[in-house]
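Let me begin by presenting the structure, written as structure tokens, before commenting on it.
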Amino acid sequence: GLSAEKIEYVASLVKSGFLITMASEYTESYAFAYNLLQDFVCAKKIVNHYPEKEKLVAYICDVLLKIEDGNILSYHNIDVFVVICALHADKYHIELFSEVEECITDDWNKVDIVERYLSSFLWRKASSVNEENFMDFVNAHPVDRDLVLRILIENSTKEHHPLNALFLHKVLMNKELVKRDALWTTYINRLAYPDERLFQLIMFFDEGNLLDGLSEANTELLLILFTWIFTASNRLLRDKTSKAAIELLKRNFQLCEKLLVLFEDVNDPYVLQRLYGVVFGACLKREGNERSEFESLVKYIYDKIFLQKYVYPDVLLRDYARMILERWRYENPNESGFIDINKITPPYSSIVIPTVKRQEYYESGARSGFNMVVRSMQINHSECPGLYGDFGRYTFQAALADFEGMDIVNLYHYAMQFIRDELGYDDALLGTYDCMPRHYNYNRHETRKVERIGKKYQWIALYNILARVSDKN
């Protein structure tokens, strides 16, 4: 029964808003004011009462959800069921969702319960999550792409979580450039808003703030996530994330080389180029001496970039890499004998840009992303009739015009074929996104805008061609 002490304790819980009371003529009932907490209490009691999986599944189908003729009748208990799945997986390391799902045939019920179950991975304990089971579930159901990526971002900095940034890295690293941009970049481009938690975190570090309790392992995971944001064609998001990464690395300089090694084979030049720029910024702003870490970093870059048969063909990456080495030479002139100055001074070795067949790229009457690339890349030349594009005339052509003996028409055609064939621009994957209306009141030099994915490929092509042209002319 209720003693005076218990009544006083319950009254205090009601007063604090933790419990709510409901009075009828003869009874007074209490319930948790927070639905999720109530769901957890109910789910825990059910899981403990039915230790055998078969009996638990039968209880869920027959009593908790009351599934009849493939329809869920007790719809209000779905959240309790989702918590049961999480607690059962944590306790027994076995998922039971599929057994219950088999009893549901109503399409609307299936879609809703799948989404609610998937959403549980936003708050599940790491011990209740299995990487393989998660991927099997995602691949077997028509899940919401945004929700899956939100789950991976939310869990990215949790050190021992199966779905942290290392898992995200494995998922993204294995994808083709164009498929990753269609999946990932089109999503993160929308995250540069003040009410987005990720962007709030980026701005927090960008402003030079420190986060108490952030371990080296958590910082490394966060930097892996930040590096993947460098795929973005949202220039504000990419630039703010770059500055935030510099602020983190200047206090955790030992992570610079680890990041470069982790991303050394990434197939997106936008990522590697910006990462080298961030590391250069960290070299200038680092707070400690970290001489041994700096020396190891310099030796890695010297070998990975400048001692290769062909130096990485990106004009900005090359400059960042060279300036990191020059900074070491400036700070440590007596310990720089391992650097051959001729190796790090341009011009470098690279593959000569070939003469390519001239083609027609614009598809008349089609509303496509590649047509937008064509219009933007058009140069101002008699052999390329039609209106020139701003990027083609004022960025691409202007950057290459002063090199002697350059066939600008051939470079234009090579750039178009590079974007289409080597980078793999695909209208089926990117066309709809790139054709979305974008209304700006800025000039072409404004950085606070979300560019097309095709525009990102135009920049990649320009930096590649500039590097190779400067090597030979």
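Note that this is a predicted model, so its numbers are computed, not measured. These values consider heavy atoms only, across backbone and side chains, with no hydrogens, waters or symmetry-generated copies.
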Under 4.0 Å between a side-chain nitrogen and a carboxylate oxygen: does that hold for [X] and [Y]?
X	Y	result
Arg180	Glu176	no
Asp407	Arg358	yes
Arg190	Asp146	yes
Glu335	Arg291	yes
Lys258	Glu220	yes
Asp319	Arg322	yes
Asp314	Arg318	no

State whether the side chain of [X] and the backbone N or O of [Y] hold a donor-acceptor pair below 3.5 Å, judged by distance alone.
X	Y	result
Ser119	Glu115	yes
Ser336	Ile339	no
Asn164	Lys158	yes

| Is the Phe370 ring parallel, tilted or perpendicular to the Tyr425 ring (thresholds 30°, 60°)? | tilted

| task | May I ask you to decide if the ring planes of Phe97 and Tyr117 are parallel, tilted or perpendicular, using 30° and 60° as cut-offs? | result | parallel

| request: Give me the one residue out of Glu264, Glu257, Glu295 that meets side-chain hydrogen bond (donor to acceptor under 3.5 Å, both in side chains) with Tyr300. | output: Glu264

| said: Please identify which of these residues, Arg235, Gln458, Lys456, meets the side-chain hydrogen bond (donor to acceptor under 3.5 Å, both in side chains) condition with Glu451. | reply: Arg235

| task | Could you go through the side chain to side chain contact (heavy atoms under 4.5 Å, CB included) check for Thr345 and Phe306 one step at a time? | result | CA-CA 9 Å; Thr345 304; Phe306 297 105; over 6 Å; no

Taking the six-membered ring of [Y] (Phe, Tyr or Trp), confirm whether the NZ or CZ of [X] is under 6.0 Å from its centre and within 45° of its axis.
X	Y	value
Arg238	Tyr270	yes
Arg286	Phe253	yes
Arg124	Phe121	yes
Lys240	Phe199	no
Arg274	Phe263	no

Over all heavy atoms of both residues, which pair between [X] and [Y] is shortest? Give the atoms and the distance, please.
X	Y	result
Arg116	Val82	O-CG1, 3.7 Å
Ala428	Asp426	N-OD1, 2.9 Å
Leu221	Glu159	CD1-CA, 3.6 Å
Ala126	Pro162	O-CD, 3.7 Å
Val278	Ala245	CG1-CB, 3.8 Å
Ile379	Gly392	CG2-O, 3.8 Å

| Centroid separation Tyr310 to Tyr348 less than 6.0 Å | no

Neighbour count >12 (heavy atoms, 6.0 Å) for atom [atom1], [X]:
X	atom1	answer
Ile341	CD1	yes
Lys472	NZ	yes
Asn139	CG	yes

Taking atom types as modelled, is there a side-chain donor on [X] or [Y] under 3.5 Å from an acceptor on the other?
X	Y	answer
Asp181	Tyr457	yes
Tyr412	His381	no
Tyr276	Tyr312	no
Asp268	Thr231	no

| task | Test salt bridge (charged side-chain N to carboxylate O under 4.0 Å, His left out) on Lys243 and Glu247 and set out the steps. | result | CA-CA 6 Å; Lys243 292 174 66 181; Glu247 291 299 313; over 6 Å; no

| request: Evaluate the side chain to side chain donor-acceptor pair (under 3.5 Å) criterion for residues Arg145 and Tyr187: first the C-alpha distance (whole Å), next the side-chain angles of each, then the deciding distance (0.1 Å), finally the verdict. | output: CA-CA 9 Å; Arg145 182 275 310 256; Tyr187 172 73; over 6 Å; no

| side chain to side chain contact (heavy atoms under 4.5 Å, CB included) between Ile353 and Arg468: does it pass, once the steps are laid out? | CA-CA 7 Å; Ile353 294 176; Arg468 293 159 68 186; 3.8 Å; yes

